[in-house]
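Everything quoted here is computed from the prediction, not taken from an experiment. Every heavy atom of this structure was used, including side-chain atoms; hydrogens, water molecules and symmetry mates were not. Every chain is numbered from 1 and lettered A, B, ... according to where its sequence line falls, protein lines coming before strand lines.
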Amino acid sequence: MLRNYLKTSWNVLLRRRFFTAVSLFGIALTLSVLTLVAALFDHTFAVSPPETRMDRTLTIYFAEMSGPDMSRNGSPGYALLDKYARDLPGVERLAIASESEQVTSFVRGAKVQPYLKRTDGEFWQVLAFHFIEGAPYTPDDVARGNRVAVINATTRDRFFGGGPAVGRVLEADGQTFTVSGVVDDVPMLRLSAFSDVWVPLTTAKTDSYRHELIGSFKALLLLAPGTDPSAVQQEFKSRLATVEFPDPKSFNKIHARPESMFDTVARMLFGGRGEGDYGFRLRLALTFGTLLFMLLPAINLVNLNISRILERASEIGVRKAFGASSWTLVGQFLVENLLLTAVGAVLGVVGAGLGLSLINATGLLPYVELRTNVRVLAWGVALAALFAVVSGVYPAWRMSRLHPVEALRGGSR
Amino acid sequence: MTRHLLKLVWNRKRTTALVMVEIAVAFLVLFSVVAFGTYVLDNWRRPVGFTWDRVWDIEVASNTTPGRMSENISRSVAMPAPNAATGPAAPGREGDSGTSPAPPPQNTAPAGGGEGDPPVDPRYQTLQQLMLAIQEFPEIEASAVAAVAPFGFGGMVSVNDRDGQRLEYGGNEVTDAFADVLGLRVSRGRWFSAEDRGQAYRPVVINQDLAREVFGDADPVGRPLIELDEEERAAGRRPTRIVGVVDAYREDGEFDGQRNFEFNRKDIDYPAGGDRVPRHVLVRVRPGTTAQFEEKLVRKLQAIAPDWSFEVRPLSVMHEGQLNFTLLPLAAIGTIAASLLVMVGLGLLGVLWQTVTQRTREIGLRRAKGAARRDIARQILAEIAIMATLALIPAVIVALQVPLLGPFYWVEWHVYAIALAISLAAIYVLAVLCGWYPARLAAAVQPADALRYE
């Protein structure tokens, strides 16, 4: 039966090449854009080295301090994380690291601007970096403020022209560091791990960061397997209620929320503050945006499909006259539309691949190598199926409603 | 005639309804993209007001924390800037802290609190030394200090609505040499100078857009930008006085949507208590200065202030970054929208073609009764035009909600008007183009064939 359907639909597709080409163009365009977006999200959030445990990691990226007259928001300060985020129940490890930011170095007269991140020792335990040579610096190095650094492969090439770098000295941001290890390049979109150079946070130029509630640090909380994140959030929230403020007249409340990386990025995108669950909003916005983006191509395809059905009115009339039920016809038409969408989806994935290599070629995002993988393909297939149903249901219904007599005569108005 | 055509369209409403929905949705998509494009182009044609050929920005991170701070301080007067990046709140309200270390209490003076001036930030001394060193380099022609650098994404925005009138303007705090470094043109009054030091007023220079919005055609020089209210006067706040007007200043370059701008005077040699330490030094280098000078410069500055961080960027590089930031998304959206439009066009063509084939009998009858080929073609095209019009009326009503409800309040009306006109014209052209071939097919119908078909 299915074979017959496929055979029929294949012949129909070949009969009206113009219609087929237009339909395929629309489907391929829609799906390639959507697959491209899916690849971007996959690249940012999927569990992949060095962020191999992001599925059980919570992040604290934002903090907001408020008082009667004003509020101040930014990243958590070191004091906030050090005093109130340690030893939360269910949390295996806590890593504290600064944002990675560009600093200036000069290598043999040429200017280099590597990204620099200042971290604690736990950072190397929470994230699973792959070391090409050497080893990370230890919590002991951090405690003593040793001037040691881990660099990535590209930075090794830039500073030392390839070859082993452990034990050699590099200068960054006016400070000198001894290289202790070299890791693989980390893409920029892996927000928590990304940098070119990682150094102990105690090498900061002054130690005033130790007293800041709002500052420039981010925390990664590695939960024990099976821990309920909301329990950690509750506990942290109740601890924040006990914060002592240096100047309670200006600021007397502080808010920060450990949340998943997806929620954190959603908060970033929406510029969100407070308790809100921004991850849910982002999911909603993405779903809604996808449907909205599909709307125009879907209407277009519906129109083309209806035209095509009317053309085949006599065929449908014959099938109805011989007793095919409406449901059979709806099924047949959906199969045909699925076939069409599947062909379009293949073209779409090819298109997405081209688009991704175009983005990679621009080099706007350091070390970002976007590509399609199994997960992205799965998203593409799911989106294609959704599209096929959205664009196929109405024409199929119209098709099944054709009156046999009129259909046999050659179509209705 | 029109009534008759309307009736024809109405009789086939089931078939046409979906085509009309498609036209309406295509219009809405086109309108949003064209409006965005028009907004960008509308900004682009306005003067930028400064030159950046040989100007370098030295970001001096006097933050005592590792890493630069990313934070917004929001108060009742601060609102997000149109270009999304927000900076510190109103420069008019001094005393927002943020960068000073915590143990000496954060010198955030609450609004209206006037009990004793907070101490002068000790980092001003370092800044003065740095400026002296910079001025000694023969490669540097001129140098100035500013709170915000051009092309730096975002900055300070003040929102004022004292007379029930919303007034929004960008701001910067700069030293006297700023106008020289960036080549600002003063059209009225004068730029800041040493004579503003220690006066009973707070000198400001505004741009022409702001002058026009607040004072109309009157001369703003010598008047306060914003009148102080009772509370502020009681707190001993100094009134502002406009000392000059510059032609234009759009700090993020050609595509900056901010119209109004205000400069406040910064005097790093005589800082007041609680003043923020500015983070940018702008220098204009002599022609022919190479990047090698950069290393020399940074090493020297680093030697003076070992615990500060320095980052040198030519403004031309930052300018390029700004262009990419605006143009890349526009190009991506434009490409997708154009492809969608081609798809819609081809789809319409297919559907109309199919409709004409189906109406062979009707058309044949008309031809047999003596209608000319031209009449048939005209009928088909007129029907398409009517369909398009019927679809566009609700679509335009929906589109007009955007300027009426004003979620993008900084976009001016004429941008929407132009975008509306362009999108309407484009949709009509598209509809007629798609109808042209089917209309010719219809006109070619032979009456005899058509009637035999029946």
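Heavy-atom distances place the side chain of B/Val298, and not its backbone, under 4.5 Å from chain A. For B/Leu28, no part lies near chain A; criterion is any non-hydrogen pair under 4.5 Å. Using a 4.5 Å cut-off between heavy atoms, A/Phe293 touches chain B through its side chain atoms alone. If you measure heavy-atom distances from A/Gln175 to chain B, you find no contacts under 4.5 Å at all. Proximity to chain A is limited to the side chain of B/Val29, based on heavy atoms less than 4.5 angstrom apart. Proximity to chain B (any heavy atom under 4.5 Å) is restricted, for A/Tyr394, to the side chain, taken from C-beta onward. At a 4.5 Å heavy-atom cutoff, the contact between A/Leu29 and chain B is made by side-chain atoms alone. Residue contact with chain A, scored on non-hydrogen atoms closer than 4.5 Å, involves the backbone and the side chain of B/Glu22 alike. The contact between B/Arg299 and chain A is made entirely by side chain atoms (from C-beta outward), counting heavy-atom distances below 4.5 Å. Only the side chain of A/Leu295 comes within less than 4.5 Å of a heavy atom of chain B; its backbone N, CA, C and O stay farther away.
Rounding to the nearest 0.5 Å gives a distance of 11.0 Å between CG of A/Asn300 and CG of B/Leu18. B/Leu340 CG to A/Phe25 CZ: the interatomic distance, rounded to the nearest 0.5 Å, is 8.0 Å. Atom CD of B/Glu311 sits about 6.0 Å away from atom CD of A/Gln102, to the nearest 0.5 Å. Atom CZ of A/Phe18 sits about 4.0 Å away from atom CG of B/Leu349, to the nearest 0.5 Å. Note that the CD atom of B/Gln354 and the CD1 atom of A/Ile306 stand 11.0 Å from one another [nearest 0.5 Å]. Taking OG1 from A/Thr362 and CG from B/Leu328, the interatomic distance works out to 7.5 Å, rounded to the nearest 0.5 Å.
Listed options A/Thr104, A/Ile299, A/Val22, A/Asn303 were ranked by heavy-atom pairs under 4.5 angstrom with chain B; first place goes to A/Asn303. In terms of non-hydrogen atom pairs under 4.5 Å with chain A, the most contact-rich of B/Thr355, B/Val312, B/Leu348 is B/Val312. Heavy-atom pairs under 4.5 Å with chain B were tallied for A/Gly355, A/Ala110, A/Ala21, A/Gly26; the largest tally goes to A/Gly26.
Looking at every heavy atom in both residues, A/Leu304 comes nearest to B/Gly350 through CD2-CA, 4.5 Å.
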